[in-house]
Amino acid sequence: MTGRIPRLGWYIHHHGRGHLTRMLAIAPHLDAEVDCLSSLPAPKGLPAGWTWTVLDRDDDGGEPIDPTAGGLLHWAPIGHVGHRTRLAVIAAAANAGRWEGMVVDTSVEVTLFARLLGLRTVVMTQPGHRVDRPHLLGFAAADTVLAPWARGILSPPHLEALGDKVVHTGGISRFASRAGDVPRTDDVLLLAGAGGSSVGAAAIEDAERATGRRWHVLGGDSGVWSDDPWEALVSAGVVVSWAGQNAVADLAAAQAPAIVVPQERPFEEQLETARALRRAGLAQVSEEWPTIEQWPALVEQASRSQPEWERWEVVGAPQRAATAIADTMRGLR
């Protein structure tokens, strides 16, 4: 790597927008040229020297054949042309770009493939009970595991067992360096994201009537999407949010009085995050969408709270992630 800017690959999973948003938050702090690969379309705002390749889908075409290889993997369907093409494109890009390594957010199969290509590998993990054979295999193959939350508040035993291989960056938010000094209103903001939810429009309308406050909905099936919800986050009297990693990091950056309602995700990812927030006293938590009778008290409790969101360690988190990636590519980890 001496004498040239390092080049690496970065795989971005297509579910929701969190994986992409996290990459864009880290990108300005990473002194490297990066070839991004994803099923998602190319976003705006890639740094100079970065490329974007759209991969074929590997989750279409009917019933998959033995996608888990008997439980060893999560997704490697036999005979699927899209799956085979994805891996071929990754290998060709690694060879053409002379990659030093690869960041994977998130796929056990791509992690293993990168290591088989002889690349130094950084894998982004998520909370939850990730102790199945594929996850443990992926963690073992990676050089570095990035956990984008604060250690101590959320310390899964399976990650603690990996010792120094894990870097707890703190919550990675694109808003980490922004200031929010506007007065908060009495309004409620529902931050519904793009990852899917079981909460419909009627339930939201019932909650609004029960609280007697005006609600605004961003994302989900009932609201409008905002590429930059910062002003809404810092001005709402209470923010209701799911428990995805980017959402929680944004709550912390905005110092938001929050009610967190975890949604169903694989490996109980959001449920484990929400429970950690409850234990730390950082948010009001309801493991299910609250009833009409529960909403008034929850909103009042949240509006009076003064959560110590700095404990989620958002400030400097994108830089810490970038440093861990760069150190891995240099063979320092």
Surrounding [atom1] of [X] (heavy atoms of other residues, nucleotides or ligands, distance under 6.0 Å), is the total greater than 12?
| X | atom1 | value |
| --- | --- | --- |
| Gln301 | CD | yes |
| Glu160 | CD | yes |
| Arg265 | CZ | yes |
| Asp228 | CG | yes |

Could you walk me through whether Met23 and Asp105 satisfy the side-chain contact (heavy atoms from CB on, under 4.5 Å) test, starting with their C-alpha distance in whole Å, then the side-chain angles of each, then the deciding distance to 0.1 Å, before giving a yes or no?
CA-CA 9 Å; Met23 182 274 291; Asp105 187 359; 6.0 Å; no
Is it true that [Y] and [X] share a donor-acceptor pair across their side chains at a distance under 3.5 Å?
| X | Y | result |
| --- | --- | --- |
| His80 | Asp58 | no |
| Trp75 | Asp59 | no |
| Glu264 | Ser198 | no |
| Arg178 | Ser173 | no |

Do [X] side-chain atoms and [Y] backbone N/O form a donor-acceptor pair below 3.5 Å?
| X | Y | value |
| --- | --- | --- |
| Arg86 | Asp56 | yes |
| Arg7 | Trp99 | no |
| Arg214 | Asp187 | no |

Determine the sole option in Thr144, Asp164, Asp143, Asp327 for which the side-chain hydrogen bond (donor to acceptor under 3.5 Å, both in side chains) test with Arg333 is passed.
Thr144
Pick one: which of His129, Arg130, Gln126 meets side chain to side chain contact (heavy atoms under 4.5 Å, CB included) with Glu272?
His129
Determine, for Glu287 against Arg278, whether the closest basic-nitrogen to carboxylate-oxygen distance falls under 4.0 angstrom.
yes
Indicate yes or no: does Glu100 engage Arg330 in a salt bridge with an N to O separation below 4.0 Å.
no
Are the aromatic rings of His158 and Phe267 close, with centres under 6.0 Å apart?
no
Does the gap between the ring centers of Trp52 and Trp10 come in under 6.0 Å?
no
What heavy-atom pair brings Pro307 and Ala256 nearest, and what distance separates the two atoms?
CG-O, 3.8 Å
In this structure, OG of Ser38 is separated from CD1 of Ile12 (nearest 0.5 Å) by 5.5 Å
